Amino acid sequence: MTTHDTSTDKVSNNVALPIPTAGVDNRVALAMGVQAAPGAYAVLLGSGISRAANVPTAWEVVQDLIRKVAAAENADLGSFDDAPERWWEQQGRGEPRYDTLLERLASTEAARQRLLAGYFESAEPTTAHHELARHVAAGRVRLILTTNLDRLMERALDQAGVVPQVIAAAEQLKR
């Protein structure tokens, strides 16, 4: 069990984490930390960074695909248009999860990529993607973990002259 002492932000493994000085903006403290310890920081990206590029979230893709299935079946979503997942479940098709829906609609990896291309391919990396890529190129950030379905971060890294090593499955990890 990990204990936490809020007065020093100390965790039980005796690693003290500094608390930003009162009156110092947290962003300034982070910027100074990154400057002082380049390469010691990792970044976790979620769908928020890509929303500015009009990239839908996985859930929005699921809802849109369900609407397309309903249209192809000449089904009227009626009151379910704002929550097509409820219509899907009422049809006895189970929980509409991203992975299982894609498997049902496209049986091969190539078919899934073609099905999803329209959601992600036309988007361009945002200023945030390019700034993060600049920090990677400068050696300030060495690791980016992302839950995103798009390749905007990879494209921004390519444009910054960084060849990303993408690991999408546990089998790809070097041991």
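Treat the numbers as computed from the prediction; the structure is a model and nothing was measured.
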Side chains of L65 and L102: closer than 4.5 Å at any heavy-atom pair?
yes
Can you find a pair of side-chain heavy atoms, one from T126 and one from S50, that are under 4.5 Å apart?
no
Let me check something: do L116 and V69 share a hydrophobic cluster, defined by ILVMFWY side-chain heavy atoms less than 4.5 Å apart, either directly or through other members?
yes
With A83, which residues qualify under side-chain contact (heavy atoms from CB on, under 4.5 Å), at least two apart?
E85, R86
Which pair of non-hydrogen atoms, one from A156 and one from A133, has the smallest distance, and what is that distance?
O-CB, 3.5 Å
Just to verify, what does D64 make a side-chain hydrogen bond (donor to acceptor under 3.5 Å, both in side chains) with, not counting sequence neighbours?
K68, Y119
Not counting sequence neighbours, list each pair that qualifies as a salt bridge (charged side-chain N to carboxylate O under 4.0 Å, His left out) and has a residue in residues 99-112.
R97-D99, E109-R112
Which heavy atom of T147 sits nearest to which heavy atom of G46, and what is that distance?
OG1-CA, 3.6 Å
Listed pairs under 3.5 Å, donor-acceptor, residues 87-94 side chains, sequence neighbours left out:
from	atom 1	to	atom 2	distance (Å)
R93	NH1	E73	OE1	3.4
R93	NH2	E73	OE1	2.8
R93	NH2	E73	OE2	2.7

Same hydrophobic cluster for F120 and I49, using side-chain heavy-atom links shorter than 4.5 Å among ILVMFWY?
no
Restricting to pairs with a member in residues 132-149, which pass salt bridge (charged side-chain N to carboxylate O under 4.0 Å, His left out), not counting sequence neighbours?
E131-R134
So, using side-chain hydrogen bond (donor to acceptor under 3.5 Å, both in side chains) as the criterion, who are the partners of S47 when residues are at least two apart?
none
Of all heavy-atom pairs linking A106 and L115, the shortest is CB-CD2, 4.3 Å
Could you pull out all residues at least two apart from A42 that satisfy side-chain contact (heavy atoms from CB on, under 4.5 Å)?
L143
Would a 4.5 Å heavy-atom cut-off, applied to side chains only, mark L45 and M153 as touching?
yes
Working to the nearest 0.5 Å, report the span between CG of L132 and CG of L157.
7.0 Å
Can you pull out every salt bridge (charged side-chain N to carboxylate O under 4.0 Å, His left out) where at least one residue sits in residues 27-55? Sequence neighbours excluded, please.
D25-R27, R51-E60
R114 meets the salt bridge (charged side-chain N to carboxylate O under 4.0 Å, His left out) criterion, sequence neighbours left out, with none
Are L101 and V55 connected in the hydrophobic side-chain network, where two residues link if heavy atoms are under 4.5 Å apart?
yes
Of all residues at least two apart in sequence or in a different chain, which pass the side-chain contact (heavy atoms from CB on, under 4.5 Å) check with L30?
V34, Y41
Show the nearest heavy-atom pair for residues A123 and L152, with the distance to one decimal.
O-CD2, 3.5 Å
Which atom of I66 lies closest to which atom of P96, heavy atoms considered
CD1-CB, 3.6 Å
Report the residues that fulfil side-chain contact (heavy atoms from CB on, under 4.5 Å) with E124, sequence neighbours left out, ordered by chain and then residue number.
R155
Which pair of heavy atoms, one from L149 and one from A58, lies closest together, and at what distance?
CD1-CB, 3.6 Å
CG of D76 to CG of N74: how many Å apart, nearest 0.5 Å?
10.5 Å
Using the salt bridge (charged side-chain N to carboxylate O under 4.0 Å, His left out) criterion, which residues pair with D81? Sequence neighbours excluded.
R67
